[in-house]
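Values in this document were obtained by computation on a predicted structure and should not be read as measured data. In the text below, chain A, chain B and the rest are named by the order of the sequence lines, each starting its count at 1.
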Protein chains: 2
Amino acid sequence: MASSDPVYLRVVADIRRQIVDGSLPPGAPIPSRAQLTRKYGVGETAARHALRVLAAEGLIVGRVGSGHYVRARPVLLPLHRWRFPDHHAPFGADIQSQGARATWEWRAEQAEAPPEIAQRLRLDDSAPVTRTRYVFRGDGKPVQLATSYEPAEFGEPAPEDTSRGLISRLSALGVKVTEIVEQVYTRVPQPAESDVLALPAGVHVLHVERTHWSGERPVETSDIVIPGDRFRLVYNHPLPS
Amino acid sequence: MASSDPVYLRVVADIRRQIVDGSLPPGAPIPSRAQLTRKYGVGETAARHALRVLAAEGLIVGRVGSGHYVRARPVLLPLHRWRFPDHHAPFGADIQSQGARATWEWRAEQAEAPPEIAQRLRLDDSAPVTRTRYVFRGDGKPVQLATSYEPAEFGEPAPEDTSRGLISRLSALGVKVTEIVEQVYTRVPQPAESDVLALPAGVHVLHVERTHWSGERPVETSDIVIPGDRFRLVYNHPLPS
DNA sequence: GGCGGCAATTTGGAGCTCCAACTTTGCGGC
DNA sequence: GCCGCAAAGTTGGAGCTCCAAATTGCCGCC
């Protein structure tokens, strides 16, 4: 930390160091604004800004009227992507495995494929697709938002399909899924997503773009949004012998 | 956006809306602080704070002396996890596939397993392990930081091993890797990581905990840190027929 | 000893101001 | 017509202040 750096970064760096090296354990109170100004000899603005930066980094949380506290490193629950334990596992099996009761809401509707989805499904722009939106919950708490797109020709999923899984359903239609491709990245949640997932400020989401393939043909693609502060994705990859 | 919300959020919401709906395209200038105070009838503080929030979200960038501009949505380059194109692909193959020249530095050393690593490798605490740190670059730009741990009995990797891949090397030692498990989550980078990866403020990283298994025995585990603003992870999963 | 309410503290929103460093623009002179 | 410099505009750091809402601890009363 060069001495030419802004003073508020000096405060940030010092507190951060204490948090990561454990001298400020989870739950420990951070000095208040007034205390910081005295301790570091900086102005209110710098003290306040330092606390804001640390809060944005997720290292501390502020409680109005009480103070700032070191945030407990959250336990990141595993979400097993596919093969849990097999491809025909019912919806929410991975959530249930955490001892939580899995529930979900969904609604299917006909729509025109937006450009990006059309590309992913190798359809023409505005081709008819079935869009199904899901909200998954574990013990009532929202866990995943998903929007799934299929070519309209497969029809809408029936209510009982959602507990059976996509692969079984497509199989019944004579479509054999041969490969799943998932692309994972992280991004800032959109306001609507923060709302539904009840995300605290500063939390990112994991975004999974999943496509089911039948040979060379994409038969379903979906966008899955997962709170980045509560979950990690688990990918198993058995090697051929 | 309820009217009871803080005023700065009103400004944030309005500008964000214009960015996501495209009326402010990438590169477009955002009104300056002075203009915002007039346009929305708010104080300097609120205008400034709104810009800061949008910048933290990654939607805009500020350029000192010039103004704030809508950030171009970065293209997220794919990093193909395993099978690229086969398990024996050389290091950096996925980076090369992007037309970039892959280079890396690494250093191996003996160490005592920290508690978490010991647990992942099913060793006793402080058991001897070989720790190898890597920095991967594509066209000189840092792409991945990785720290790999193996039981010390496998010895240190030789220079030529790093271009051959772990699976070949273990195979030569008579250890057959049967499964790879990757756990993916997102988090805030540590200062050292921001440094090496040259991360702009507010960018998260993808953290991959990877373990190579030989039957029931973990034979290697590593922590891989990837800039979240430039890459997405791609997982292929062929289904058994 | 227990309980209720008040006062002190704390966060977070919001306002205003000054300044250094940098970019952009436009004007004047060559 | 072009170059260079000065002025104007902009960001980002930093300071101070006031206030509403919430929490917490303490004091006094029953």
*asked:* So, does H49(A) get its side chain near the phosphate of dA14(D), meaning an N or O under 4.0 Å from OP1 or OP2?
replied: no
*R52(A) has an atom CZ; how far is it from atom P of dT11(C), in whole Å?*
12 Å
*Please round to the nearest 0.5 Å and tell me the distance separating atom CG of L123(A) and atom CD of E150(A).*
11.5 Å
*Tell me what G65(A) touches on the nucleic acid: a base, only sugar-phosphate, or nothing, going by heavy atoms under 4.0 Å.*
base
*Kindly confirm or rule out a cation-pi arrangement of R81(A) over Y235(B), judged by NZ or CZ under 6.0 Å from the six-membered ring centre and within 45° of its axis?*
no
_What is the distance, to the nearest angstrom, from the CZ atom on R48(B) to the P atom on dA14(D)?_
11 Å
_Rounded to whole Å, please give me the gap between OH in Y69(B) and C1' in dG9(D)._
11 Å
_Comparing A46(A) and V61(B) on DNA chain D - which has the more 5′ nearest nucleotide_ = V61(B)
*Mind calculating the distance between CD1 (I60(B)) and C1' (dT11(D)) to the nearest angstrom?*
11 Å
*Describe, in one word, how the ring planes of F136(B) and W104(B) are oriented to each other, choosing from parallel (under 30°), tilted (30 to 60°) and perpendicular (over 60°).*
tilted
*Are any of S66(A)'s side-chain N or O atoms less than 4.0 Å away from OP1 or OP2 of dT10(C)?*
no
*asked:* I need the CZ-P distance between R33(A) and dA22(D), as an integer number of Å.
replied: 16 Å
*Salt bridge or not for R107(B) and E109(B), using N-O below 4.0 Å?*
yes
*Separation of E44(A) atom CD from dT9(C) atom P, in whole Å?*
14 Å
*asked:* Is it the case that the side chains of R33(B) and H68(B) hold a donor-acceptor pair, with the cut-off being a distance below 3.5 Å and no angle test?
replied: no
*Could you pick out which residue, V7(B) or A34(A), lies toward the 5' side of DNA chain C when each is mapped onto its nearest nucleotide?*
A34(A)
_Using whole Å, what does the distance between atom C1' of nucleotide dG12(D) and atom CD1 of I30(B) come to?_
17 Å
*Which part of the nucleic acid, if any, lies within reach of R63(B) when heavy atoms closer than 4.0 Å are counted: base, sugar-phosphate only, or nothing?*
sugar-phosphate
_Considering every strand and a 4.0 Å limit on heavy-atom distances, what is the contact class for S32(B): base, sugar-phosphate, or nothing?_
sugar-phosphate
*Verify the contact: side-chain N or O of Y8(B) to OP1 or OP2 of dA14(C), cut-off strictly under 4.0 Å; return yes or no.*
no
*Does a side-chain N or O from H68(B) land closer than 4.0 Å to OP1 or OP2 of dT10(D), or not?*
no
*asked:* Can you measure Q35(A) atom CD to dA8(C) atom P for me and round it to whole angstrom units?
replied: 17 Å
